[in-house]
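Below: the structure, in C-alpha cells.
We count ligands from 1, going down the list as the structure has it; atoms in each ligand are counted the same way. Because only heavy atoms are used, hydrogens play no part in the values below, and waters and symmetry mates are left out as well, while side chains stay in.
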Amino acid sequence: MKTWEDVYSEARKKCKICRCCPVCNGLACRGETPGPGGKGSGESFVRNAKMLKEIFITMDTITGNEEISTNADFFGHPVSLPVYAAPISGIKQNYGADLDDLTYTEELVAGCLEAGTLAFTGDGMHDEMFTGPTGIVKKHNGYGIPTVKPWEKEAMQWRLQMAQEANALAIASDIDASGLTNLRKSVTPVGFKTVEDLKEITSNCSLPFILKGIMSVKGALKALEAGADGIIVSNHGGRVLDDSLAGIEVLEEIVKAVDGRMKIFVDGAIRTGNDVFKALALGADGVLIGRPVSHAVIGGGREGIRIYMEKIALELKEAMAMSGCKTIKDITRDKITVKF
Ligand SMILES: Cc1cc2nc3c(=O)[nH]c(=O)nc-3n(C[C@H](O)[C@H](O)[C@H](O)COP(=O)(O)O)c2cc1C
C-alpha cells in the first residue's frame, strides 16, 4: 500500500523548481516567487511556520475510551475533517512539475472528495484559469469552492455568476491578490476593493461568500460590514507582503472580535494534525493547507491527496486522544499554551 513517504518522494522527483524539503517551512526557498517561496526575504512564510511551533498542546490523559471523531461541517456540508485544500495556481511555473492547472484541479477536487473534504480552486490571468476549475467543481455537484481574484467589476461579476450556476458550496475571493504586481498589470487587472464595492458583490451573491487574506481585527470587521459569511486569516503563504505577521498570531484576536458572526478559517504553514489542532484551539472553524497539498497531487494525483488528508486526520486524532478531546468541539483554548 502506498504511503505518504512514497507520494512525497515521487513529488520530489517530479518538481524541478520546488525542492520538496523534509519540512516545508520556507527556509530553502526564501524569495522564490515565481517558485514556491515567500516574497522578498521570505520571512512571512518562515514566520508562519515558526509561530506554529510556539504553541504547545496540553496533555490530559485521564479520560474515557470513546471513539474520537474529526467530523465537522463546512457551511452545513458534512466533512470528515475541517481541513481544506487551499487554492493554488501555476503548478508548472511555481513547482516545475509537468502538470497543467486543469489536470491538477481535477485530481485535487476528486481526491479531496474521496477523503471526505473539499478543495478551494484557483483563478488566474486568463479566463480559462477560472472557467476550467469552476467547470470541474460543477462536474462534482458543486462540491468545491471557486476562488475569484479581485478583478475589476465586470470580470468579477461573470465569475461569481458562473460559480453560482455551478451550484458551488461557497465562493471565495483572495482580496490580498490585489497586491500582486503581475496581476495588477494583466489585461484584466486586479485592484483593491472598498467595503462598498464588496457590499455590492455580497448582496448579489446567493452563495456563502468568503474573503481570503484578512490579517487584522480591522480587516475582519470590514469584511463583516461588507456582508462576508466567512474569512480566511491568511498572508497568502507569505507571497504578497514581506515582513507580515503570521496568520496564526493574529487569529485569536480576530476570533474574539468577530464573536461568532462569521466563519473563520486560517492558513499558513499548517503541516501536521498537531498544527490543525492548534488552529482549532485558537478558535478557527477550519484550516487550509497549500504547498503540501500541491506536493500530494503532483506526487500521487487523487490518491496522493487522499493519503495526505488521511495522514493529517490520523495525526489530529492522536493529538485529540492525548489531550482528552473526543470531538472537534472539544478542542478548546485551554488545550493549548501559546508562547508568543
Ligand atoms: C505556488 C502557490 C500558488 C498560489 N496560488 C494562489 C491562488 O491562485 N489563489 C489564492 O487565493 N491563493 C494562492 N496561493 C496561496 C494559498 O492559497 C495559501 O494561502 C497558502 O499557500 C497557504 O500557505 P501554505 O502553502 O504554507 O500552507 C498560492 C500559494 C502558492 C505557494
Side-chain angles (χ1 to χ4, degrees), residues 11 15 17-21 23-39 42-52 83-97 99 101-102 104-105 108 119-126 129-130 132-134 145-151 159 170-180 182-183 186 190 210-215 231-241 244 246-248 265-272 275-276 279 284 286-298 308 312:
C15 289
I17 298 174
C18 178
R19 298 163 185 79
C20 299
C21 299
V23 181
C24 174
N25 55 14
L27 285 172
C29 56
R30 279 180 185 274
E32 293 179 10
T33 51
K39 186 174 178 173
E43 196 53 33
S44 302
F45 176 9
V46 172
R47 191 172 181 91
N48 285 344
K50 232 189 255 173
M51 290 300 114
L52 273 161
V83 176
Y84 310 97
I88 301 267
S89 46
I91 297 299
K92 258 184 207 156
Q93 303 91 304
N94 292 305
Y95 297 94
L99 185 64
D101 282 6
L102 209 56
Y104 172 80
T105 307
L108 178 76
F120 284 70
T121 58
D123 189 6
M125 220 178 267
H126 307 290
M129 289 174 84
F130 182 80
T134 305
I145 307 104
T147 307
V148 188
K149 298 246 173 259
W151 306 113
R159 282 170 167 85
I171 183 157
S173 181
D174 52 327
I175 42 161
D176 53 356
S178 37
L180 291 172
N182 62 332
L183 291 183
S186 76
V190 293
I210 303 168
L211 285 170
K212 178 172 183 282
I214 302 294
M215 281 294 289
I231 53 171
I232 303 172
V233 176
S234 168
N235 63 11
H236 214 105
R239 292 168 72 80
V240 289
L241 175 69
S244 117
I248 200 77
F265 305 91
V266 66
D267 75 13
I270 292 181
R271 299 291 177 259
T272 63
D275 291 342
V276 176
V287 309
L288 277 66
I289 301 181
R291 297 165 178 96
V293 153
S294 303
H295 298 141
V297 177
I298 293 166
Y308 181 69
I312 296 288

*Enumerate the atoms of ligand 1 whose separation from the nearest heavy atom of A269 is less than 4.0 angstrom.*
23 (O), 24 (P), 26 (O), 27 (O)
*Going by the order shown, which atoms of ligand 1 are within less than 4.0 Å of some heavy atom of N94?*
1 (C)
*Short list, please: which atoms of ligand 1 are under 4.0 Å from a heavy atom of R291?*
23 (O), 24 (P), 25 (O), 26 (O), 27 (O), 31 (C)
*Of all the atoms in ligand 1, which lie at a distance below 4.0 Å from a heavy atom belonging to K212?*
10 (C), 11 (O), 12 (N), 15 (C), 16 (C), 17 (O), 18 (C), 19 (O)
*For N94 and R291, does a side-chain donor sit closer than 3.5 Å to a side-chain acceptor?*
no
*For G237, counting its heavy atoms only, list the atoms of ligand 1 lying under 4.0 Å from any of them.*
19 (O), 20 (C), 23 (O)
_Value rounded to 0.5 Å, distance of CZ in F120 from CD1 in I232_ = 4.0 Å
_Is there a polar contact, in the sense of an N or O pair closer than 3.5 Å, between P36 and ligand 1?_
no
*List every atom of ligand 1 that sits less than 4.0 Å from any heavy atom of D174, numbering the atoms from 1 in the order shown and giving each element.*
9 (N), 10 (C), 11 (O)
_Distance-only N or O hit between ligand 1 and L288, under 3.5 Å_ = no
*Looking only at protein heavy atoms, identify the closest one to atom 15 (C) of ligand 1 and say how far it is in Å.*
H236 CD2, 3.5 Å
*asked:* Can you tell me which portion of I88 lies within the under-4.0 Å heavy-atom range of ligand 1? Options are side chain, backbone, both, or neither.
replied: both
*Does the pair E32/R19 count as a salt bridge with the N-to-O cut at 4.0 Å?*
yes
*Do D174 side-chain atoms and D176 backbone N/O form a donor-acceptor pair below 3.5 Å?*
no
*asked:* Check this for me - ligand 1, D267, N or O atoms closer than 3.5 angstrom, yes or no?
replied: yes
_Heavy-atom proximity to atom 26 (O) of ligand 1, best of R271, M129, H295_ = R271
*Do D101 and K92 have side-chain heavy atoms sitting under 4.5 Å apart?*
no
*asked:* Check this for me: does any side-chain nitrogen of one of R159 and D123 sit under 4.0 Å from a carboxylate oxygen of the other?
replied: yes
*If you measure from each heavy atom of S234 to ligand 1, is any distance below 4.0 Å?*
yes
*Would you please indicate if the ring centroids of Y308 and H295 are separated by under 6.0 Å?*
no
*Check: Y104/S89 side-chain N/O donor and acceptor closer than 3.5 Å*: no
*asked:* Among all the protein's non-hydrogen atoms, which is closest to atom 6 (C) of ligand 1, and how far away is it?
replied: P87 O, 3.2 Å
_Sub-4.0 Å atoms of ligand 1 with respect to non-hydrogen atoms of R239_ = 1 (C), 2 (C), 29 (C), 30 (C), 31 (C)
